K.L.:
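Could you have a look at this structure, given as structure tokens, before my questions?
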Amino acid sequence: NKVIGESMENKVISVPGLTPVYPATRHENFRALIDFAESNYGNRDAFILKIRKAKGGKPAEYDHISYKKFKYHIDAFGTGLIKSGLVGKRFAIIGKNSYKWLVSYYAVLCGLGVCVPLDKGLPYEEVKNSLIKSKSDILIFDEEHKELAAEIKKSGITDISTFICMEDIKGYETFSWILHKGEKALQSGDDSFSKLPINPHAISILLFTSGTTSNAKAVMLSQFNILENIYSLEQVEDIRTGDVNMAFLPFHHTFGSTGQTLMLARGVTTTFCDGLKYIQKNMVEYKVSIFICVPLLIEAMYKKLLTGIKKKNKEKSFARGLKISKFFLKYNIDIKRRIFSKIIEEFGGALRFIISGASPLDPKVIKGFEEIGINLVQGYGMTEASPVLAAENPETRRAGSIGKAMPGVSLKIINSNDYGTGELVAKGSNIMAGYYEDPKATSEALIGGWLHTGDLAEIDSDGFIFLRGRAKNVIVLKNGKNIYPEEVETLISCLPYVKESLVFGKPRHKDGDAKDLILCAKIVYDKDYFKSDFGALDRDKIQHIIKNDIDKLSDSLPSYKRIHRISVTDEEMIKTTTGKVKRYVEQ
């Protein structure tokens, strides 16, 4: 992609923003948003909860929670917490995505105190450190974390005074008892919860950016930060009342929680996934129409789609369908979903819109879903920005880009080099106040009101943003050339058997001349692919096939980007709990 200008050393490049295309409502605080949803979508399904799986010939059973009932549960649980004397506290929540998790979350944010969502995948030591660092008073947890809660309670080294379990187990306050207590109070006319004051600019949420104790930082977000981001999202993304969403991203992650709040603001029905291996089955079960997810899963879905076409010997008919579809598009007639209806049925028949975030998505995957009639857009952000800073939408897209700046967000590229590549910085109402009790980290991230993302980017002549990688990951060769490993990883991921890849620099010689680096790649392959396409192969033969493919790929790249060494495995790499590879552990 050609960058505006020729020599841009140390210059600042402003990034254009997305044009608002949809009506949106700005909400003052979380209570106002919940009231708005109840008023506008009252008897519509806010959630569909599976209360019994299909078994022994008996169908599954579901509980349909309307927006009206959802608000009632929030009011009841919040009132119950007041009756328990739990006001003006810090509430930590840990557990898998669930309806009770959300009721707890929104009740706290309607005036009870500060919410501290914790990563359900953290080990005991890191949960303990997070509770101490955030000065949390109450821990709300699900049954899967009862041993962890018991250990924390026994240790006595945190400020946790009250333990509330989402399920009914002995020895703890329970969600159902507090809800029941609140219901009784509401029935007798208690309106104390609805009258709690809410300062939208005060710190309402502490979100930890990392699971590692050494560098975990607690981001301070206000309701104003998050609701301004939701207002921006409503203006540019095609999310419709009546859509069905499957809550896959964890709620402790800002992309998951803000995305869920956006669904409530738009009157969408939310369902829950039974587990990673049941995603496609659940899509069919609930007729999911909108899905917010991460690239790794989206790319896996697309590869599975192509594998299915190949196994059914439908490659020729699929290619013919693409030609017919493109012919009609010349005349502005879109029949993609009609032509590929059987493929879409494999996702439930209703899937129309996928939003991807967290890391770059393979452009071929985006194009592939578009060709069968499923819109797919990318977003970019970080916890410190509540989280979305830039995005595409169906009207404004470019393959490989992350779109343009969100409405209300200013983006610019600073310290750009001759190619226009520099650090992306941001300013807007969605930007955090800082890191809790960490002035040094805050001053490094927020400079002159601008959030420094640490991501390198450039824009093309039409203002679309292209990420080039993390500044700290750039491989600098002795000839001055810069290599962004994420770009090469994207190319490697196009190979059909690649599940994960990692590109990094290593000294060419064993004497360790750090200035003389060569590119290396670690590749995680899909052994089922090789088994179905090549039969039984030993590791050496698989490595030989992969090496030949990598050599061919390298032939198409500039010589300094050539991959000289590879290692292959079928064991997945070590990741953070948000699914990002721990680069410095793996290389």
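The model shown is predicted, which means the values in this text are computed figures rather than measured ones. Start at 1 with the first residue, then count along the sequence.
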K.L.:
On a heavy-atom basis, which atom in Leu249 and which in Phe255 lie closest, and how many Å separate them?
P.N.:
CD1-CD2, 3.2 Å
K.L.:
For the atom pair CZ (Arg398) and CZ (Phe464), what is the distance rounded to the nearest 0.5 Å?
P.N.:
4.5 Å
K.L.:
Looking only at atom types and distance, does a side-chain atom of Thr383 sit under 3.5 Å from a main-chain N or O of Thr209, one as donor and one as acceptor?
P.N.:
no
K.L.:
With sequence neighbours left out, which residue pairs that include part of residues 374-397 fulfil the salt bridge (charged side-chain N to carboxylate O under 4.0 Å, His left out) condition?
P.N.:
Glu370-Arg397
K.L.:
Is the shortest distance from a Lys or Arg side-chain nitrogen in Asp274 or Lys50 to a carboxylate oxygen in the other one below 4.0 Å?
P.N.:
yes
K.L.:
Do Gln378 and Ser356 have side-chain N/O donor and acceptor atoms under 3.5 Å apart?
P.N.:
no
K.L.:
Without hydrogens or angle criteria, can the side chains of Glu173 and Ser84 be said to hold a donor-acceptor pair below 3.5 Å?
P.N.:
no
K.L.:
Mind telling me whether Trp101 and Phe251 have parallel, tilted or perpendicular rings, with 30° and 60° as the class edges?
P.N.:
tilted
K.L.:
Could you verify whether a donor N or O on one side chain and an acceptor N or O on the other, from Asn225 and Asn430, lie under 3.5 Å apart?
P.N.:
no
K.L.:
Restricting to pairs with a member in residues 77-89, which pass salt bridge (charged side-chain N to carboxylate O under 4.0 Å, His left out), not counting sequence neighbours?
P.N.:
Lys83-Asp190
K.L.:
What closest approach, in Å, do Gly448 and Lys427 show between heavy atoms, and which atom pair accounts for it?
P.N.:
O-NZ, 3.9 Å
K.L.:
Restricting to non-hydrogen atoms, name the atom on Phe30 and the atom on Leu227 that form the minimum distance, rounded to 0.1 Å.
P.N.:
N-CD1, 3.8 Å
K.L.:
Are any non-hydrogen side-chain atoms of Leu264 and Tyr67 less than 4.5 angstrom apart?
P.N.:
yes
K.L.:
Tell me the closest heavy-atom pair linking Gly259 and Ile292, and the distance in Å.
P.N.:
CA-CD1, 4.3 Å
K.L.:
Asn375: what forms a side chain to side chain donor-acceptor pair (under 3.5 Å) with it, not counting sequence neighbours?
P.N.:
none
K.L.:
Considering all heavy atoms of both residues, which atom of Ile160 and which atom of Leu131 are nearest to each other, and what is their separation?
P.N.:
CD1-CD2, 4.1 Å
K.L.:
Looking only at side chains, do Ser176 and Asp168 share a donor and an acceptor under 3.5 Å apart?
P.N.:
yes
K.L.:
Looking only at the side chains, is there a donor atom on one of Ser289 and Asp243 sitting less than 3.5 Å from an acceptor on the other?
P.N.:
yes
K.L.:
Under 3.5 Å, is there a donor-acceptor pair between the side chain of Arg468 and the main chain of Glu458?
P.N.:
no
K.L.:
Charged N to carboxylate O below 4.0 Å: is that the case for Arg26 and Glu228?
P.N.:
yes
K.L.:
Can you check salt bridge (Lys or Arg N to Asp or Glu O under 4.0 Å) on Arg240 and Asp238, steps first, answer last?
P.N.:
CA-CA 6 Å; Arg240 308 168 188 173; Asp238 183 22; 2.8 Å; yes
K.L.:
Quick check on the 6.0 Å ring-centre criterion: do His27 and Tyr231 meet it?
P.N.:
no
K.L.:
Assess the pair Phe77 and Phe193: is the distance between their ring centroids shorter than 6.0 Å?
P.N.:
no
